[in-house]
Amino acid sequence: MNIKQLLVDKTKAAFVKVGLPDSTNTGVTQSTKVEFGDYQINGAMAAAKLLKTNPRALAEQLLGALDLTDIASKVEIAGPGFINVTLKPEFIAAQLTQAAASPRLGVSENTAPQTVVVDYSAPNLAKEMHVGHLRSTIIGDAVVRALEFWGDKVIRQNHMGDWGTQFGMLIAHLEDKLAQGVDLESVALADLEDFYREAKKRFDDEAGFADKSRDYVVKLQSGDAHCQKLWQLFIDTSVKHSEEVYRKLNVTLGHEHIKPESAYNDMLAPIVDELKAKGIAVEDQGALVVFLHELADKEGNPSPFIIQKTGGGFLYATTDLAACQYRSHELAVDRIVIFTDARQALHFKQVELVARKAGLLREQTSYEHAPFGTMMGEDGKPFKTRTGGTVKLAELLDEAVSRALETVKAKSSDLTDDEIAEVARKVGIGAVKFADLSKNRTSDYIFSWDSMLSFEGATAPYLQYAYTRVRSILRRAGVDDSFQAPMQLLESQEKQLGLKVLQFEETLQQVMKDAQPNLLCNYLYELSGLFMGFYEACPILKDGIEPSVRDSRLMQSILVSKLLAKGLDLLGIDVMEKM
RNA sequence: GCACCCGUAGCUCAGCUGGAUAGAGCACUGCCCUCCGGAGGCAGGGGUCAGAGGUUCGAAUCCUCUCGGGUGCGCCA
């Protein structure tokens with residue numbers, strides 16, 4: 001059930017009745033304050049401005065044309081022309097009853113499913129995954145889960161960096177190691193980070209090594225069998241490492257979703273030729289460049305976008321263009337969403353412009369870069385280890401779990417050691433993910449163990465705790481999820497909670513549209529808060545509660561528990577029966 | 001130099017297509033355990049929404065400028 005959409009439709013009908021065009025913005029939103037009812041219609045004031053009439057008078061007219069019988073118990077005009085709508089408790093109760101019986105928790109059917117490529121995680125296989133990969137991985141995964149729950153067809157693409165310049169360096173170093181008789185698995189690739197550092201040091205310091213590295217890149221990219229074999233060993237090991245991290249993180253990315261840079265290799269030369277033939281790209285200082293006048297500065301200097309290096313090498317720009325063609329034409333998707341660092345914003349703007357010019361992106365394919373900010377340490381500078389190194393993601397997650405273990409041990413009484421370990425895993429990983437997902441995607445955020453693991457306020461453990469509390473009531477009542485009873489909303493807390501339950505779909509839509517899981521985090525936190533209030537004010541199993549009231553409240557509790565579990569699941573966070 | 005992002009309570013952050021008296025959490029102060037799980041609830045103090053103009057019935061939100069912070073800008077990804 002999408003109440004907002006229902007009100008938008010009703011309001012639109014009323015607008016048309018009073019002679020306004022169908023396209024008029026209705027301005028329907030959830031009310032900002034309880035005194036203003038449940039929803040407010042703000043469109044009358046803007047419409048009055050266009051018509052140059054009195055907003056209050058227009059609101060009166062609209063009120064006459066607006067048919068909210070069976071939906072609203074009160075519709076009134078306030079201030080300069082707000083229309084405040086208070087919903088009938090019976091209407092909310094009826095919708096809740098439907099939601100309780102629905103496997104989609106009341107979310108309406110997706111009548112126009114889209115096909116969407118979601119490009120996320122994309123670690124560089126030359127190195128171990130570090131904290132910089134966390135955001136792309138979990139934000140992308142949350143959006144993917146939301147889209148799939150809604151019913152869109154999602155094609156996950158893990159655009160792994162396996163083809164860049166550093167690989168020449170790594171292969172050269174690996175070859176030397178092997179020549180020294182070093183065992184591949186146990187030494188050379190045991191720690192990707194160390195290996196990369198050694199190779200980089202040689203690249204910077206050792207005479208001749210840099211040239212050798214560059215030769216290896218060319219050999220690799222031109223299909224030299226020996227190079228490819230070494231490269232493959234490297235890739236396999238690195239992929240295995242990434243997949244371990246995905247398992248730890250509870251992320252849905254699997255082997256089948258890997259679509260690395262090298263996959264586009266054969267498409268690069270033809271695309272470059274085509275751009276050149278069409279005159280979109282021109283030679284400049286030895287390189288092949290597209291000059292973008294759309295992104296010119298004040299003096300009219302166009303923004304340059306290099307698609308082929310001097311000497312013929314391709315760049316990530318070329319690969320991204322190829323990805324456009326593959327996704328928009330071969331996969332024929334409606335939408336492409338790419339989760340990367342905000343620093344690449346200009347790059348993706350350029351890619352889209354060039355791809356559109358060249359027809360690599362069909363008009364009907366939307367191309368969306370979903371940027372995110374940097375994770376900072378508590379000093380406000382990019383998050384590093386004490387010694388200034390990058391923080392490995394696997395180690396960060398292990399620390400989260402071990403920190404959670406301490407707290408869970410201290411707070412839990414009737415759990416076995418195994419159960420405690422399991423709860424700690426879910427709480428620790430959940431805490432890291434929620435702390436990140438709950439922040440606005442586009443801004444930088446400060447990573448703090450203390451605030452995410454204090455388990456108070458807007459944190460994963462708070463939500464997990466709310467869930468266990470509901471489940472505890474249901475256990476005690478001896479009801480399961482199939483329990484059915486008529487709903488009645490007596491107390492204001494019951495109505496507020498019920499309304500929030502029904503607003504899940506509105507939140508879900510916004511999360512998918514803007515690729516912003518933080519809205520779902522906010523929603524779940526508000527839902528939990530309202531449940532806690534309901535729980536305090538509306539006794540369920542206490543003596544003297546009418547059976548019909550108790551049953552209705554049990555229904556409400558079941559819905560909340562399902563919603564919490566589903567909502568957290570969409571964020572990739574597990575719940576547990578006890579903690 | 002040019003472009004993009006950001007500046008909201010002591011701290012961390014919300015604030016949706018412009019809406020009514022700018023909201024949470026942490027920290028601080030004071031209440032609530034004859035309880036259905038206190039990892040909780042209730043109440044309170046705390047703000048020049050960086051600053052200045054502008055657009056209008058109405059601006060944290062849109063436009064311009066200034067200050068402050070970050071990032072990017074021809075052969076890395």
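Each chain gets a letter, A, B and so on, in the order its sequence line appears, and its residues count up from 1. Every heavy atom of this structure was used, including side-chain atoms; hydrogens, water molecules and symmetry mates were not.
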Which nucleotide sits closest to the side chain of Leu346(A): G70(B), G37(B), G72(B)?
G72(B)
Identified stems (criterion: three or more consecutive Watson-Crick or G-U pairs, under 3.5 Å), RNA chain B:
B:1-7 with B:67-73, B:10-13 with B:23-26, B:28-32 with B:40-44, B:50-54 with B:62-66
Donor-acceptor pair, distance only, cut-off 3.5 Å: does the side chain of Ser561(A) make one with the backbone of Ile558(A)?
yes
Base, sugar-phosphate, or nothing: which does Cys521(A) touch, judged by heavy atoms less than 4.0 Å apart?
nothing
So, Phe339(A) versus Phe372(A), ring centres under 6.0 angstrom or not?
no
Taking the same atom, P, in A50(B) and in C73(B), what whole-Å distance lies between them?
29 Å
At 4.0 Å (heavy atoms only), tell me whether Lys439(A) reaches a base, stays on the sugar-phosphate, or touches nothing.
sugar-phosphate
Length of the NZ-C1' vector between Lys33(A) and G15(B), whole Å:
12 Å
So, are Arg214(A) and Asp211(A) salt-bridged, with charged N and O less than 4.0 Å apart?
yes
Under 4.0 Å, heavy atoms only, any strand: does Asn84(A) hit a base, just the sugar-phosphate, or nothing?
base
Starting from C1' on A24(B), measure out to CG on Leu524(A) and report it in whole angstrom.
15 Å
Donor-acceptor check, side chain of Gln221(A) to backbone of Val217(A), threshold 3.5 angstrom: yes or no?
no
Remember a base hit wins even if backbone is also touched, and classify Glu283(A) as base, sugar-phosphate or nothing at under 4.0 Å, heavy atoms.
nothing
Do we see Tyr465(A) stacking on the base of G37(B), given a limit of 5.5 Å between centres and 30° between planes?
no
Side chains of Ser557(A) and Phe534(A): closer than 4.5 Å at any heavy-atom pair?
yes
Can you check whether Glu494(A)'s main-chain N or O pairs, donor with acceptor, with Gln556(A)'s side chain at less than 3.5 Å?
yes
Compare the minimum distances between each of G74(B), G25(B), A20(B) and the side chain of Tyr525(A), then state the nucleotide with the smallest one.
G25(B)
Between Asp297(A) and Ser472(A), whichever has its closest RNA chain B nucleotide further toward 5' is Asp297(A)
Please determine whether a side-chain nitrogen or oxygen atom of Ser303(A) lies at a distance below 4.0 Å from atom OP1 or OP2 of C2(B).
no
Gap in Å between the two C1' atoms, one belonging to G19(B) and one to U61(B), rounded:
11 Å
Mind checking Phe305(A) for me? I need base, sugar-phosphate or nothing, with any heavy atom below 4.0 Å counting as a touch.
nothing
For nucleotides 55-58 of chain B, which of its nitrogen or oxygen atoms have a protein nitrogen or oxygen under 3.5 Å away, and what is each distance?
unit_1: G58(B); atom_1: O6; unit_2: Lys49(A); atom_2: NZ; d: 3.1

P atom, A24(B) versus C16(B): distance in rounded Å?
16 Å
Do Arg441(A) side-chain atoms and Pro371(A) backbone N/O form a donor-acceptor pair below 3.5 Å?
yes
When you compare G7(B) with A14(B), how far apart are their C1' atoms, in angstrom units rounded to a whole number?
15 Å
Sugar-phosphate, base or nothing in reach of Ser557(A), heavy atoms under 4.0 Å
nothing
Please write out the pairs of protein N or O atoms and N or O atoms of nucleotides 60-66 of chain B separated by less than 3.5 Å, giving the distance to one decimal.
none

Please work out if Ile473(A) contacts a base, only the sugar-phosphate, or nothing of the nucleic acid, heavy-atom cut-off 4.0 Å.
base
Among G15(B), C35(B), G37(B), the one nearest Asn440(A) by side-chain distance
G15(B)
Ala435(A) backbone acceptor or donor facing Lys439(A) side chain under 3.5 Å:
yes
Between C13(B) and G54(B), how far apart are the two C1' atoms, rounded to whole Å?
30 Å
Keeping the roles fixed (side chain from Gln464(A), backbone from Asp574(A)), state whether a donor-acceptor pair exists under 3.5 Å.
yes
Measuring from atom CE of Met579(A) to atom OG of Ser472(A), what distance do you get when rounded to the nearest 0.5 angstrom?
13.0 Å
Donor-acceptor check, side chain of Asn301(A) to backbone of Ala296(A), threshold 3.5 angstrom: yes or no?
no
Rounded distance in Å between the P positions of C57(B) and C67(B):
33 Å
Any donor-acceptor N/O pair, Thr468(A) side chain to Tyr465(A) backbone, under 3.5 Å:
yes
Can you check whether Tyr462(A) has a side-chain N or O nearer than 4.0 Å to OP1 or OP2 of G41(B)?
yes
Under the 6.0 Å and 45° cation-pi test, does Lys259(A) pair with Tyr264(A)?
yes
Quick check: does any side chain N or O of Tyr523(A) sit under 3.5 Å from a backbone N or O of Lys500(A), one acting as donor and the other as acceptor?
yes
Contact under 4.0 Å: Lys4(A) side-chain N or O vs C16(B) OP1/OP2
no
What does the list of N/O pairs under 3.5 Å between the protein and nucleotides 26-34 of chain B look like, with a distance for each?
none

Salt-bridge contact Asp436(A)-Arg135(A) (side-chain N to carboxylate O under 4.0 Å)
yes
If the threshold is 4.0 Å, N to carboxylate O, is there a salt bridge linking Glu419(A) and Lys578(A)?
no
Gap between atom OG1 of Thr390(A) and atom CZ of Phe383(A) - 0.5 Å precision:
11.0 Å
Of the nucleotides C13(B), A39(B), G41(B), which one has an atom closest to the side chain of Met532(A)?
G41(B)
Sorted by position of nearest nucleotide on RNA chain B, 5' first, the leading residue of Val427(A) and Ala458(A) is Ala458(A)
Find every protein N or O atom lying less than 3.5 Å from an N or O atom of nucleotides 75-77 of chain B, and list the pairs.
unit_1: C75(B); atom_1: O2; unit_2: Thr310(A); atom_2: N; d: 2.5
unit_1: C75(B); atom_1: O2; unit_2: Thr310(A); atom_2: OG1; d: 3.2
unit_1: C75(B); atom_1: N3; unit_2: Thr310(A); atom_2: OG1; d: 2.5
unit_1: C75(B); atom_1: N4; unit_2: Gln285(A); atom_2: O; d: 2.6
unit_1: C76(B); atom_1: OP2; unit_2: Lys309(A); atom_2: NZ; d: 3.1
unit_1: C76(B); atom_1: O3'; unit_2: Thr165(A); atom_2: OG1; d: 3.4
unit_1: A77(B); atom_1: OP2; unit_2: Tyr316(A); atom_2: N; d: 3.4
unit_1: A77(B); atom_1: O3'; unit_2: Glu261(A); atom_2: OE1; d: 3.3
unit_1: A77(B); atom_1: O3'; unit_2: Glu261(A); atom_2: OE2; d: 2.3
unit_1: A77(B); atom_1: N6; unit_2: Tyr316(A); atom_2: OH; d: 2.3
unit_1: A77(B); atom_1: N1; unit_2: Tyr316(A); atom_2: OH; d: 3.2

Please tabulate, for the side chains in residues 76-86 of chain A, all donor-acceptor contacts under 3.5 angstrom to protein atoms that are two or more places apart in sequence or on a different chain.
none

Measure the distance from CG on Asn2(A) to P on C16(B) and round it to the nearest whole Å.
19 Å
How far does the P atom of C49(B) sit from the matching atom of A59(B), given to the nearest Å?
12 Å
Please state whether the phosphate of C36(B), meaning OP1 or OP2, lies under 4.0 angstrom from any side-chain nitrogen or oxygen of Arg550(A).
no
C13(B), C36(B), U17(B): which one has an atom nearest the side-chain heavy atoms of Thr29(A)?
U17(B)
I'd like to know if Glu505(A) and Lys4(A) make a salt bridge, using a cut-off of under 4.0 Å between side-chain N and carboxylate O.
no
So Val8(A), base contact, sugar-phosphate only, or nothing? Heavy-atom distance under 4.0 Å.
nothing
Can you tell me, in whole Å, how much space there is between the P of G23(B) and that of A43(B)?
14 Å
So Ser448(A), base contact, sugar-phosphate only, or nothing? Heavy-atom distance under 4.0 Å.
nothing
